[in-house]
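The structure appears below as structure tokens.
Predicted model only: the values in this text are computed from it and were never measured. Sequential numbering from 1 along the given sequence is applied to the chain's residues.
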Amino acid sequence: MDETVYVGNAGADGATNGGWLLGHFMPKGEVRHSTDVEIKWGVHPPGETRARWATGEQRTALLVLVSGRFRVELRDRTVVLGAPGDYVVWGPGVDHSWYAEQESVVLTVRWPSVPGYRVEPPVLR
């Protein structure tokens with residue numbers, strides 16, 4: 001495979017990396033390694049929630065609903081993504097959590113890609 005081209009499937013590749021397809025955590029020298037941006041194909045069963053709130057965020061994030069119904073909790077509001085293509089964007093310093101109201105697929109883009117944000121896996125409630 002050419003090192004400047006990678007062809008894959010978001011569902012299959014994401015299943016082996018917690019959903020993440022691109023970011024600083026991919027092997028150096030691979031085209032999917034980036035310190036500029038992170039991209040995740042998140043597949044969430046109904047009732048799955050983020051294990052704990054993300055605080056002290058230094059990145060900007062964009063979440064786009066592909067399918068399902070997905071709730072994003074921010075300190076000052078709740079955003080429900082209910083139709084394919086619904087999205088929410090927030091900047092650095094915005095604490096957040098989330099909850100899958102239905103089985104959901106969410107595309108997440110965060111920038112920049114910086115180490116130190118890994119948390120325990122999501123939980124079902």
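The one candidate from Leu62, Val72, Leu65, Val80 that meets the side chain to side chain contact (heavy atoms under 4.5 Å, CB included) condition with Val88 is Val72.
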Review point. Passes side-chain contact (heavy atoms from CB on, under 4.5 Å), Arg71 versus Val79? Steps please.
Key: CA-CA 6 Å; Arg71 187 171 71 220; Val79 177; over 6 Å; no
Practice item. Applying side-chain contact (heavy atoms from CB on, under 4.5 Å), run through His44 and Phe70 and close with a yes or a no. Key: CA-CA 9 Å; His44 304 283; Phe70 198 78; 3.6 Å; yes
Check your understanding: Given the rule in the side-chain contact (heavy atoms from CB on, under 4.5 Å) test, do Val109 and Val37 qualify, once you have shown the distances and angles that lead to the verdict?
Key -> CA-CA 7 Å; Val109 180; Val37 67; 3.5 Å; yes
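Annotation for Arg75: atom CZ counts as buried by contact number, over 12 foreign heavy atoms lying within 6.0 Å. Around CD of Glu101, the count of heavy atoms belonging to other residues, nucleotides or ligands within 6.0 Å exceeds 12.
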In residues 25-33, what donor-acceptor pairs under 3.5 Å come from side-chain atoms, sequence neighbours left out?
{"unit_1": "Glu30", "atom_1": "OE2", "unit_2": "Arg32", "atom_2": "NE", "d": "2.4"}
{"unit_1": "Glu30", "atom_1": "OE2", "unit_2": "Arg32", "atom_2": "NH2", "d": "2.8"}
{"unit_1": "His33", "atom_1": "ND1", "unit_2": "His24", "atom_2": "O", "d": "3.2"}
{"unit_1": "His33", "atom_1": "ND1", "unit_2": "Met26", "atom_2": "O", "d": "2.8"}

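Using modelled atom types, one side-chain atom of Asn9 and one backbone atom of Gly11 make a donor-acceptor pair closer than 3.5 Å. In this structure a side-chain-to-backbone donor-acceptor pair under 3.5 Å is present from Asp86 to Ala83. Using modelled atom types, one side-chain atom of Ser104 and one backbone atom of Arg69 make a donor-acceptor pair closer than 3.5 Å.
Residues Asp36 and Trp111 are not in side-chain contact: their nearest non-hydrogen atoms beyond the backbone lie 4.5 Å or more apart. Contact annotation: the side chain of Val66 approaches that of Trp41 to within less than 4.5 Å [non-hydrogen atoms, C-beta and beyond]. Counting heavy atoms from C-beta outward, Arg50 and Tyr99 have side chains that stay 4.5 Å or more apart. With contacts defined as side-chain heavy-atom distances shorter than 4.5 Å, the pair Val94/Leu74 qualifies. With contacts defined as side-chain heavy-atom distances shorter than 4.5 Å, the pair Pro92/Thr60 qualifies. Counting heavy atoms from C-beta outward, Pro45 and Glu103 have side chains that stay 4.5 Å or more apart.
Taking each heavy atom of Leu81 and Leu63 in turn, the nearest pair found is CD1-O, 4.2 Å. Across all their heavy atoms, Asp13 and Asn17 have their closest contact at O-ND2, 3.3 Å. Residues Val43 and Glu48 approach most closely at O-OE1, 4.1 Å, considering heavy atoms.
There is a path of hydrophobic side-chain contacts, each under 4.5 Å, that joins Val89 to Val64. Leu107 and Trp98 sit in two unconnected hydrophobic clusters of ILVMFWY residues. Membership requires side-chain heavy atoms under 4.5 Å apart, directly or through other members. Linking Ile, Leu, Val, Met, Phe, Trp and Tyr residues whenever their side-chain heavy atoms come within less than 4.5 Å places Val105 and Ile39 in a single cluster.
Taking the six-membered ring for Trp, Trp90 and His96 have ring centres closer than 6.0 Å.
For the residue pair Ser113/Glu38, the side-chain donor-acceptor check at 3.5 Å is satisfied.
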